[in-house]
Amino acid sequence: MREKEFRTASAARGGLLFMRNVPGCALGDRVVVRDHRGRKRNGLVIRTSHSVVLVEVFEGTDDLDLERTWVRFLDEPFELPLSRELLGRVFNGVGQPRDGRPPLVAGLKRAVNGSPVNPAARAYPREFIQTGVSAIDGMNSLVRGQKLPVFSGSGLPHNRLAAQIVRQAKLPGEEGSFAVVFGAMGVSHADARFFQDDFESSGVLGEVVMFTNLADDPPIERLILPRTALTAAEYLAFDLDMHVLVVLTDMTNYAEALREIATAKGDVPSRKGYPGYLYSDLAEIYERAGRIKERRGSITMIPVVTMPSDDITHPVPDLTGYITEGQIVLARDLAARHVYPPVAVLPSLSRLMKDGIGRNYTRDDHPHVANQLFAAYAQALEVRNLAAIIGAEELSEADRRYLAFADAFEARFVNQGENEDRSIFDTLALAWDVLSVLPPDALTRVTEDELARHHRFGASRKELAA
């Protein structure tokens, strides 16, 4: 269908425009609505059938005189202009400027829905990305091409953590080829201003592309934003050979917009009212991250997912966990004790960590140190629970050391300043420092040579026994 105008609107309800007798239009086509006053509104085809075409109008359908409303179907999908000048810019969900600067002019445009990647062409994620956050770098390391979500609860500092990662993330030794694409969906005006001011004041905005959808913006824009952001990321990664980190917050806001529009369309609801295609819709976004063989660039993704009522089995975090390669979980009890970032390291996991750390990536002892921290902290939490029952004074000397380790681990290793950027070597040095609270014979996940080189007392288990 070539570009044509129709005046066959039959109904308007909740931002949706129902059109009759529109042949040949396609799902996802762009639409321009011209009302009786000559004002134009943007829209998107979200359902087609022989009898009715459903259009989501971004600016809403209030005050539309249906008999005098013209609808132009542009016979093209939403496209994003692409050039290196994307870096340093701030856009809304459909790629229109939010920074007061002119629209981006570029000879290259691509549909925001992207193109499917042949699974056989994908390369395995490898190599370490440094976030500067010890709880992530030391124990749940991020590697190039990975999808590692942050699971958080309402009121926890996930926005501050996301901003810190954007400021600090880097590739050790390859800083010039790194960029960040940041997408915020359904955020308040205050949060949007916080992100932009934070990136500007820290000087990183020049290497960041921002896409922002506010809470009072149309929900359909919320559905387009992650696709727009990933289209920009794919251009930077696979056309300009950059390593791109995509941070998306908040995917629960995205899913709620999907539920709202699915309900308006009349789709059959599934668990908690979300449409049955929520899994495939999320996978369509998450699976655009990764690496492609014979391409130098990569796309790594950190989606932030808030858990309503702190329920990790809620459909959005639950399905996200099936698609992605691990999770960073924020804990309310740590936040209540003023630990920032409040990363609960035991339920957190990076399934691809082993492929991006150790020799040639970070340091030889990194895998062993991470395993030892997990084991010692798990034991320390058991001792802490026991102390809550029988009292700390009834504990053995060895158990008291584990209590001291837990306190040092949370206060010194997990806890760090919001503007504190730790290198991986700083993180590993700090890990050995807190492990030195325990005697060498308690550290069974590290080697004798590592104990001799890094333990505070420089004693191996054999020397201690002698």
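Numbers for residues simply follow the sequence, beginning at 1.
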With a 4.0 Å cut-off, would you call R41 and D35 a salt bridge?
-> yes

If you draw the axis of the six-membered ring of Y274, does the NZ or CZ of R259 fall within 45° of it and under 6.0 Å from the ring centre?
-> yes

Under 3.5 Å, is there a donor-acceptor pair between the side chain of N140 and the main chain of A135?
-> yes

If you draw the axis of the six-membered ring of Y340, does the NZ or CZ of R160 fall within 45° of it and under 6.0 Å from the ring centre?
-> yes

Please indicate whether R84 has more than 12 foreign heavy atoms, meaning atoms of other residues, nucleotides or ligands, lying under 6.0 Å from its CZ.
-> no

Under-4.0 Å salt bridge between D318 and R271 | yes

Please confirm whether F182 and F211 have ring centers closer than 6.0 angstrom.
-> no

So does K109 have more than 12 non-hydrogen atoms from other groups sitting under 6.0 Å from NZ?
-> no

R222 and D217 ion-paired at < 4.0 Å = no

Inspect the contact between D355 and R291 and indicate whether a charged nitrogen and a carboxylate oxygen are less than 4.0 angstrom apart.
-> no

Residues R422 and D137 bridged, charged N to O under 4.0 Å = no

Check the pair H314, F151 against ring pair (Phe, Tyr, Trp, His ring centres under 6.0 Å), reporting the backbone distance first and the verdict last.
-> CA-CA 11 Å; H314 183 274; F151 289 172; over 10 Å; no

Do R227 and E284 meet the salt-bridge criterion of a basic N to acidic O distance under 4.0 Å?
-> yes

Please check if the distance between the ring centroids of F18 and F6 is under 6.0 Å.
-> no

Count the heavy atoms of every other residue, nucleotide or ligand shown that sit under 6.0 Å from CG of N360, and state whether that count exceeds 12.
-> no

